[in-house]
Undergrad: 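There's a structure below that I have some questions on.
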Amino acid sequence: MATEFQRRKLLRLMAGTTALGVIPASLFAGTAIAGRATRIYSAASSPEGQHFLCAWSDNRLLFQVQSPGRGHDVILNKPANCAIYFARRPGSWFVVLDANSGDKIAEVRSHRGRHFYGHGALSNNGDYLFTTENDYEQGGRGVIGIYDCRDNFRRLGEYASGGIGPHQLAMLPDSQTLVIANGGILTLPDNPRENLNIDTMQPSLTYLDTTDGKALGAWRPPHHQLSLRHLDVDAGGLVTVGAQFEGPKILTLPLLFSHRGEQALTPYRADDIVWRQHKHYIASVACADGKVLATSPRGNCIGLWQGGELLRQEKLGDVAGAAYDTVRHQFVTSNGRGQFVSLGARQLQLTGRVAGLQWDNHMSIAG
Amino acid sequence: MKTFARLTLITIAAGLLAACDRSPEQKMLSDTGQQVILPLHETFLAETLSLSEAATQYCSLGERSERDLSALKDRWIAAMNAWEGIQGFQFGPITEDNQAWKVQFWPDRKNLISRKTEQFVKRDSEITLSALQQASVVIQGLSAIEYLLYDTPSDRLRQPPPSGHRYCLHLQAAAQNLHEVADFLYSSWQPAAGNYLKTWSKPGPDNLDYPDQQASIGAVIETLVYALERIKRDKLERPLALADQGQANPFLLEWWRSKQSREAILVNLHSLQLLFNAGQGEGLATLLKHHQGETLADEINNKFDRAVSVTAAMEGSLFDDHSSSDTQLALIQLHGLLGELLSAFKRDLPAKLGITLGFNSNDGD
């Protein structure tokens, strides 16, 4: 928990954030990221097991920086013109690179007794970073670490995430509320990939007031082994969360849910066959243009959804990363074959490829 | 004649030169495609045609004997066996647009095949191929035909017409639909249609599905892994409570109505071994030898041989006899061999060939 001092300070800081509200895109004009050709940021690994933090544009790598380990997600802090790459869970680092040059701005190690879960989210003015973390010394309690982007990513404190195994999180358009996918899976550093509470796990979608850390509500999926992992929020504040099913594989359950306000999680509607094709696994969720794109590397498929209904499904090997290109007005995906593949109007289109690199789970695009 | 002979010689020589130029990887892709993938799809095409013709003939009979029905069941078994040869493919046209589901709906925990077939047959509208294709995939293929031939509709189908007339219409429509699916799968591999054979066997940077040879070869290995896992987990562990999977439930066996579960596994194993060896050609096994993996190739073939022997030697059907001590012993043996084969295809073989099997799909987060 944040100390009382930190809480009061955060309250003041967050109040400032709220007052600023959503930063209009025009404020980014003149920053190095704005106005350029599409840039894609992603962690990657070579087949030989080397790990990199990369940026790609115009069919070439802008930079390829050696990484301290395997990465997972990357987010862009546009006002600060930097890319923040997160270690894959159980991660002990996040690395901040200059978004143009790839020069290292900061490498932050996890707090004592904590490790990262691979994701982070920014306050809408870019001043604060929130990360999902495991308080493993307290038996695996999920926490949200708070960092000051303007002060070399100094850790300001933490809030309870409202569950075990917080994974991806996002800031709502109100600039004050975080939505967190608590995966429910207990892991500890000694056996980091082992699920220690498969029978009792309680995943949830939790909302948190960033001004005081107060839990605003938690919603559970229809099956306690539907681990809620990845999410995105559209401009209107509608949350879409993707699940990975840890229960008996013979069961077929919806893997995408939408949520808003006080309503229960609403499952997306599709035939069992569609869900079976996803092989119990959603990797990335991206909301834009009134639609939702979800990827499944195990099912080698991409689903484009609208209003909870499947609009279109495409096949792509090992596809995982997903983001929306606001310049070309289309979704782009990445995969373990080094490809960036766009969802064209009628078919998939190869946007680019880097031979010898495997793009990791998530990506971000700067327009 | 002289000119023709010269041309033939030139053609043969060019072919030989091209063959010499090909890398072991290219040869593996070519032989696997030509000697296994195309023939297996062709067999499915031929057997579904035969089943469709047999269904039409059976339904036109004025009198129907047990022997007639039995002959029709034989055609269904042949088509089902042909399907089992390609069932595990994780690449190609079979992965498009629910093709595999149109052929087989399994496992069927909610008994949808029976419920939906009865609903379809008893509804108040014409039963045609087009109506079937608009209906749920659950009732479109082999699974529905198995229900018609081996479950309660079987008695009605056995009676002289007009008994079971609407079941017969469903039977014919499903058999025809099955053949259309088989035709789509086969032709999609051919140059005249989708030419997936070229897509898969000619990898390159501009090839969306296969940007390099590793992706094409990886697709074969992933098929082997997927199909072996499916046998081990879905066809054995879950229905027969192997590996601490709780109570046995033989109704979760594949083809439990026709009691062909064991035979299907046998066909799977045989086809997977063919795929590994590219038939008589130079397949993954040969490629392994080019990478100092001769021992591993021999071990894999030895395990396939033993798995086939153990499966073939079981007596009776898995549905009826799965709990007998002899069958239990054989099942444990088979289960162990499948685990060893999986370990070889997941770890040892990719390591020898320097291929990464999936990345995000293998261990995402």
Side-chain angles (χ1 to χ4, degrees), chain A residues 44-49 70 72-73 88-89 117-119 167 183 193 229-230 244 248-252 271-274 276-277 279 281-284 295-301 313 315-321 334-339 341 347-350 353 355-356 358-362, chain B residues 90-102 104-110 112 136-138 140 200 203-216 218-219 222 226 229-230 233-234 237-239 245-246 249 252 350-351 353-365:
Chain A
S45 298
S46 72
E48 295 77 30
R70 184 170 171 184
H72 191 63
D73 196 8
R88 181 178 190 245
R89 76 175 169 95
Y117 273 116
H119 290 272
H167 201 69
R193 311 298 297 176
R229 301 290 268 277
H230 296 104
Q244 296 171 8
K249 296 294 183 271
I250 200 158
L251 296 181
T252 304
D271 289 344
D272 278 5
I273 287 169
V274 170
R276 285 190 192 189
Q277 284 168 344
K279 302 211 171 139
Y281 195 95
I282 296 286
S284 289
T295 59
S296 174
R298 295 194 180 164
N300 296 317
C301 63
Q313 199 170 15
K315 302 288 293 178
L316 184 65
D318 205 42
V319 61
S334 64
N335 67 10
R337 296 172 176 177
Q339 294 170 310
V341 177
Q347 60 188 17
L348 296 181
Q349 291 165 344
L350 184 64
R353 174 172 177 260
Q358 302 163 311
W359 301 119
D360 218 305
N361 268 241
H362 307 289
Chain B
Q90 287 295 287
F91 63 104
I94 201 169
T95 63
E96 288 173 22
D97 193 26
N98 295 331
Q99 298 306 320
W101 293 103
K102 290 177 189 169
Q104 181 185 16
F105 187 80
W106 172 77
D108 180 20
R109 283 172 64 85
K110 301 171 189 166
L112 289 177
S136 164
V137 293
V138 172
Q140 289 186 7
W200 168 71
D206 297 327
N207 185 330
L208 192 64
D209 292 342
Y210 303 102
D212 52 34
Q213 282 179 342
Q214 302 226 335
S216 299
E222 281 166 5
Y226 172 80
E229 273 179 345
R230 198 136 197 244
R233 185 189 58 218
D234 299 343
E237 287 175 3
R238 281 183 191 146
Q245 290 285 317
N249 180 1
L252 290 179
L353 299 182
I355 285 178
T356 309
L357 274 193
F359 179 60
N360 298 303
S361 60
N362 189 33
D363 190 13
D365 211 354

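Proteins get letters first, then strands, A, B, ... in listed order; numbering begins at 1 in each.
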Undergrad: Answer yes or no on whether A/Arg70 is positioned over the face of B/Phe359, meaning its NZ or CZ is under 6.0 Å from the six-membered ring centre and within 45° of the axis.
TA: yes
Undergrad: B/Phe105 versus chain A, heavy atoms under 4.5 Å apart: side chain, backbone, both or neither?
TA: side chain
Undergrad: With only heavy atoms counted, which part of A/Asp271 is less than 4.5 Å from chain B, the side chain, the backbone, both or neither?
TA: neither
Undergrad: Tell me, for B/Val137 versus chain A, whether the close heavy atoms (under 4.5 Å) come from the side chain, the backbone, both or neither.
TA: side chain
Undergrad: Within a reach of under 6.0 Å around NZ of A/Lys249, are more than 12 heavy atoms found that belong to other residues, nucleotides or ligands?
TA: yes
Undergrad: What pair of heavy atoms forms the shortest contact from B/Asn362 to B/Leu357, and how long is it?
TA: CB-O, 3.5 Å
Undergrad: Given a strict heavy-atom distance threshold of 4.5 Å, which part of A/Gln339 is in contact with chain B: side chain, backbone, both, or neither?
TA: side chain
Undergrad: Compare every heavy atom of A/Thr295 with every heavy atom of A/Ala320, then report the nearest pair and how far apart it is.
TA: O-OG1, 2.6 Å
Undergrad: Find the one option among A/Glu48, A/Gln313, A/His72 whose heavy-atom pairs under 4.5 Å with chain B are most numerous.
TA: A/His72
Undergrad: Okay, side chain of B/Thr356, backbone of B/Gly358: is any donor-acceptor separation there less than 3.5 Å?
TA: no
Undergrad: Check each atom of B/Ile355 against the heavy atoms of chain A and say whether the ones under 4.5 Å are side chain, backbone, both or neither.
TA: neither
Undergrad: Need one label for A/Arg89: side chain, backbone, both or neither, based on atoms under 4.5 Å from any heavy atom in chain B.
TA: both
Undergrad: Quick one: closest heavy-atom pair of A/Asn335 and A/Val319, and the distance?
TA: CB-CA, 3.7 Å
Undergrad: Given a strict heavy-atom distance threshold of 4.5 Å, which part of A/His362 is in contact with chain B: side chain, backbone, both, or neither?
TA: neither
Undergrad: Non-hydrogen atoms of chain B under 4.5 Å away: do they reach the side chain of A/Arg229, the backbone, both or neither?
TA: side chain
Undergrad: Under 3.5 Å, is there a donor-acceptor pair between the side chain of A/Tyr281 and the main chain of B/Asp365?
TA: yes
Undergrad: Which bit of A/Gln277 is near chain B, if near means a heavy-atom gap under 4.5 Å: side chain, backbone, both or neither?
TA: side chain
